[in-house]
Participant: 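Please see the structure below; I have some questions.
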Protein chains: 4
Amino acid sequence: MTGRPRDPAVDDAIRQAALDLITEQGYRGMSMEGIAARSGVSKQAVYRRYPGKGEVILDVLAVYARTRLPTPDTGDLREDLLTLLEETFAAQRGVPGALNQALAAEALQAPAFAQRVSSELIAARRDAVRQILGRARDRGQVTHPDDEVLIDLVFGPMWYALLFDAGKLTDAYAAALTDAVITAATHVP
Amino acid sequence: MTGRPRDPAVDDAIRQAALDLITEQGYRGMSMEGIAARSGVSKQAVYRRYPGKGEVILDVLAVYARTRLPTPDTGDLREDLLTLLEETFAAQRGVPGALNQALAAEALQAPAFAQRVSSELIAARRDAVRQILGRARDRGQVTHPDDEVLIDLVFGPMWYALLFDAGKLTDAYAAALTDAVITAATHVP
Amino acid sequence: MTGRPRDPAVDDAIRQAALDLITEQGYRGMSMEGIAARSGVSKQAVYRRYPGKGEVILDVLAVYARTRLPTPDTGDLREDLLTLLEETFAAQRGVPGALNQALAAEALQAPAFAQRVSSELIAARRDAVRQILGRARDRGQVTHPDDEVLIDLVFGPMWYALLFDAGKLTDAYAAALTDAVITAATHVP
Amino acid sequence: MTGRPRDPAVDDAIRQAALDLITEQGYRGMSMEGIAARSGVSKQAVYRRYPGKGEVILDVLAVYARTRLPTPDTGDLREDLLTLLEETFAAQRGVPGALNQALAAEALQAPAFAQRVSSELIAARRDAVRQILGRARDRGQVTHPDDEVLIDLVFGPMWYALLFDAGKLTDAYAAALTDAVITAATHVP
DNA sequence: CACTAAACGAGACGGTACGTCTCGTCTTGTC
DNA sequence: GACAAGACGAGACGTACCGTCTCGTTTAGTG
């Protein structure tokens, strides 16, 4: 049979509580117990939806991801890449940054979860850069043979900053990084 | 006054136990309680030395760091950088990799700790690359204006890999990264 | 709301473990930790029921108290009092004696707890004597004006013995005490 | 060899610290560790003098005991007994009361210690009453056959009060108790 | 309309780890 | 040798989460 349907209000309450806790107290202060308490929901209701903290974060982040802008396409590699990076970095300075840090913390504690994050969340961001590079490659602009390395050059420093110095992710840094990556992408004989 | 000196055997037992636990069971399986139990030492003896897990890892890693080789200096930028990266990545495939992951996990849970890690451990690695770049710059080879960005290009992807795909850190990846970074460093007009 | 009801088996296991520990190892050997371990119950389960050791003992003793015989009423003051004292002292020679000692130890470390013990456990015993004295007083036998002092004469020596010489609490001692108290109760002009 | 003699200042500091702690924080707050810290003395210096908390208390109490008045001897049983009890009870309302409570707590946790307390400290108090009763017995006033029971009638209620209601030990209570005990002592045919 | 099945809040449960405290012993260097 | 200092193993303290498990109650469909 069907049984009682899940209450969407509960869904929202959980996500909201998770978000609140993580922004107010960081990953440390975000516990399944705390989420339930804060949202006025039973622990079971949380565990019914998510197998663990990681999945909660993943879901909360997905909400942000859904509202994100599409990949820029101005015909200019530098402009496209810069726009994307500026937007991405700007987000990392806000709530999504805290969520990504939490995500990283979870991933470090469960390799299987790291895999999921990689394929579900990170892949999308990488795709965006891959598209930009692909278009530039079609225009003969990009000569570097391996997109993946270039993409690592873009996002590696971002995660590095999230780990040890989140304040670094400014527009200026986005620009510097963009230039360096473009140089690496376009100056291979 | 002096008081009874700390027993070096206890120091070693703690470090060894921490190392064992982290390599066998990962960051998750490493607890202050477990370290004490495994090393046959009282919890107090552990807490007397380290205020938390993070500091233990930091200290264990320091032992590895101390035994690390000096910065290569062959007069050839590519060879120097490649050697350094290959060595560093090779280490990340082993025990130090697990330790670094643990370190990252801790750093994510305590920003103050992230700062310490940054200045005490990471700085040394960055210095090595800075020296290599500096020498090449003296030879007129490096034209990119900002060492820091270049260094981020080197280590960003490494941490990124440690977070989501540690298996990526092969010699081949070290080579690809080296080439990309050198391109970025040397092709700025 | 209701929530999952407490498991009575856990209640019993805790009480039994506490009882075992206190009889086998005395108050010293009875710890919240030990109770949990011995009963195969989590520490939380214990702390959920009792805020501290004292309350555990109090509860264990209550079980004994509930099964105690009613106040004797033969119409003869000496017989009534003697019976009560013999029974009470006999109990002190057994498990309840150890429990009472533990109770005293706890009471000495927390005045607030002493108050509780006084009103919840000791009061019942005093009431029994008060009833016996009251009936004798109705028969014109007891002339001493203050029951409370007489009751202190009865139980004071008992606690004194529990503190320093538990072996003293024999039937003979009960008889000697009974006689002395009756003399004090009945020979006031 | 003789070695360095013990520093009397250390002796005093320990006793003073123990006294302070016990009066300020009760038995709970009196720890060997605390005594050492408070007195500015090493733990070893404390343990060198006393095998445990109990002995410290015993020693501190002994100082008080030494300064106590001699057994009253006015030729009047009631007056002698009343004086003794009033003085004794008055002391229990003060610092010696707290010390006695601590003593009781210790005795409950180590039967062997209870024995020592009994023979060293309590015996003196009992002797005093025994002397008073003896003199009255010589005058043909006391007819009760057993001094020990009478002495229990005197001190039992005192310890009982120390356990559960220290406030009870007033002059009025001393008087009531004196009268009851004298009745018991003098009205046996 | 009754029945069924799942969701829901509440909260108990066995675990595990946390960080702190005190115990009684020991090991330094200094006096 | 006493002494201050403080390390050491042991073990209890009380708390916090984990993920699972009852409870009794509500809320849809389905028959």
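Remember, predicted model here, so these are calculated numbers, not experimental data. To find a chain, count down the sequence lines: A is the first, B the second, and so on, and within it residues start at 1.
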Participant: Can you pull out the residues from residues 28-35 of chain A that lie within a 4.0 Å heavy-atom distance of DNA chain F?
Facilitator: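 Listed by number, they are A/Ser31, A/Met32, A/Glu33.
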Participant: Does the F/dG9 base have a donor-acceptor partner in the side chain of B/Lys43 within less than 3.5 Å?
Facilitator: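 Donor-acceptor pair under 3.5 Å: no.
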Participant: Looking at residues at least two apart in the chain, or sitting in another chain, which of them share a salt bridge (Lys or Arg N to Asp or Glu O under 4.0 Å) with A/Asp7?
Facilitator: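 A/Asp7 satisfies salt bridge (Lys or Arg N to Asp or Glu O under 4.0 Å) with no residue once adjacent residues are dropped.
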Participant: Hey, does C/Glu106 have a side-chain heavy atom less than 4.5 Å from the side chain of C/Arg116?
Facilitator: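 Not in contact.
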Participant: State, with a plain yes or no, whether a side-chain heavy atom of A/Val56 is found less than 4.5 Å away from one of A/Lys53.
Facilitator: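 No - every pair of side-chain heavy atoms lies 4.5 Å or more apart.
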Participant: Nearest to the side chain of A/Ala45, heavy atoms from C-beta on, is which of E/dC8, F/dA10, F/dT30?
Facilitator: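 That would be E/dC8.
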Participant: Is there a side-chain contact between C/Ile122 and D/Phe164 in this structure, where contact means two heavy atoms from C-beta onward sitting under 4.5 Å apart?
Facilitator: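 The answer is yes; the side chains approach within 4.5 Å.
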Participant: Considering only heavy atoms and no angle criterion, is a donor-acceptor pair shorter than 3.5 Å present between the side chain of C/Gln44 and the base of F/dA16?
Facilitator: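 Answer is yes: a donor-acceptor pair is held.
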Participant: In whole angstrom, what separates A/Gln109's CD from F/dC18's P?
Facilitator: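 Rounding to the nearest Å, CD of A/Gln109 and P of F/dC18 are 11 Å apart.
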Participant: Rounded to the Å, how far apart are B/Gln25 CD and E/dT16 P?
Facilitator: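 The answer, rounded to whole Å, is 12 Å.
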Participant: Can you find a pair of side-chain heavy atoms, one from D/Phe113 and one from D/Glu55, that are under 4.5 Å apart?
Facilitator: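 The answer is yes; the side chains approach within 4.5 Å.
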Participant: Do C/Val60 and C/Gln16 come within less than 4.5 Å of each other through their side chains, counting heavy atoms only?
Facilitator: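 In short, these two side chains do not touch, never coming nearer than 4.5 Å.
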Participant: When you look at A/Asp20 and A/Arg38, which way does the salt bridge (Lys or Arg N to Asp or Glu O under 4.0 Å) test go after all the steps?
Facilitator: CA-CA 9 Å; A/Asp20 290 352; A/Arg38 171 111 178 197; 3.6 Å; yes
Participant: Identify, residue by residue, the members of residues 5-22 of chain D with a heavy atom below 4.0 Å from DNA chain F, and return them in order of residue number, or none.
Facilitator: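 Correct list: D/Pro5, D/Arg6, D/Asp7, D/Val10.
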Participant: Using heavy atoms to find the nearest nucleotide of DNA chain E for A/Arg49 and D/Gly52 separately, return the residue whose nucleotide is more 5′.
Facilitator: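 Nearer the 5' end of the strand: A/Arg49.
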Participant: Once you apply a heavy-atom cut-off of 4.0 Å, does A/Gly40 come out as touching a base, just sugar-phosphate, or nothing?
Facilitator: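 Sugar-phosphate contact only.
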Participant: For the pair made of CZ in D/Arg38 and C1' in E/dC21, what is the distance, rounded to whole Å?
Facilitator: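 Between C1' of E/dC21 and CZ of D/Arg38: 18 Å.
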Participant: Which nucleotide in the list E/dC23, E/dG14, F/dC8 gets nearest to the side chain of C/Ser42?
Facilitator: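 Among the listed nucleotides, the one closest to the side chain of C/Ser42 is E/dG14.
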Participant: For A/Lys53 and B/Arg48, find the nucleotide of DNA chain F closest to each by heavy atoms; which residue's nucleotide sits nearer the 5' end?
Facilitator: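 Here B/Arg48 is the residue nearer the 5' end.
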Participant: Counting heavy atoms from C-beta on, name the nucleotide in E/dA7, E/dG14, F/dC8 closest to the side chain of A/Arg4.
Facilitator: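 Minimum distance to the A/Arg4 side chain belongs to E/dA7.
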Participant: Does the side chain of B/Asp165 reach to within under 4.5 Å of the side chain of A/Gln115, using non-hydrogen atoms?
Facilitator: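 Side chain of B/Asp165 against side chain of A/Gln115, heavy atoms only: no contact under 4.5 Å found.
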Participant: Side chains of C/Val10 and C/Arg49, heavy atoms from C-beta outward: is any pair under 4.5 Å?
Facilitator: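 They are in side-chain contact.
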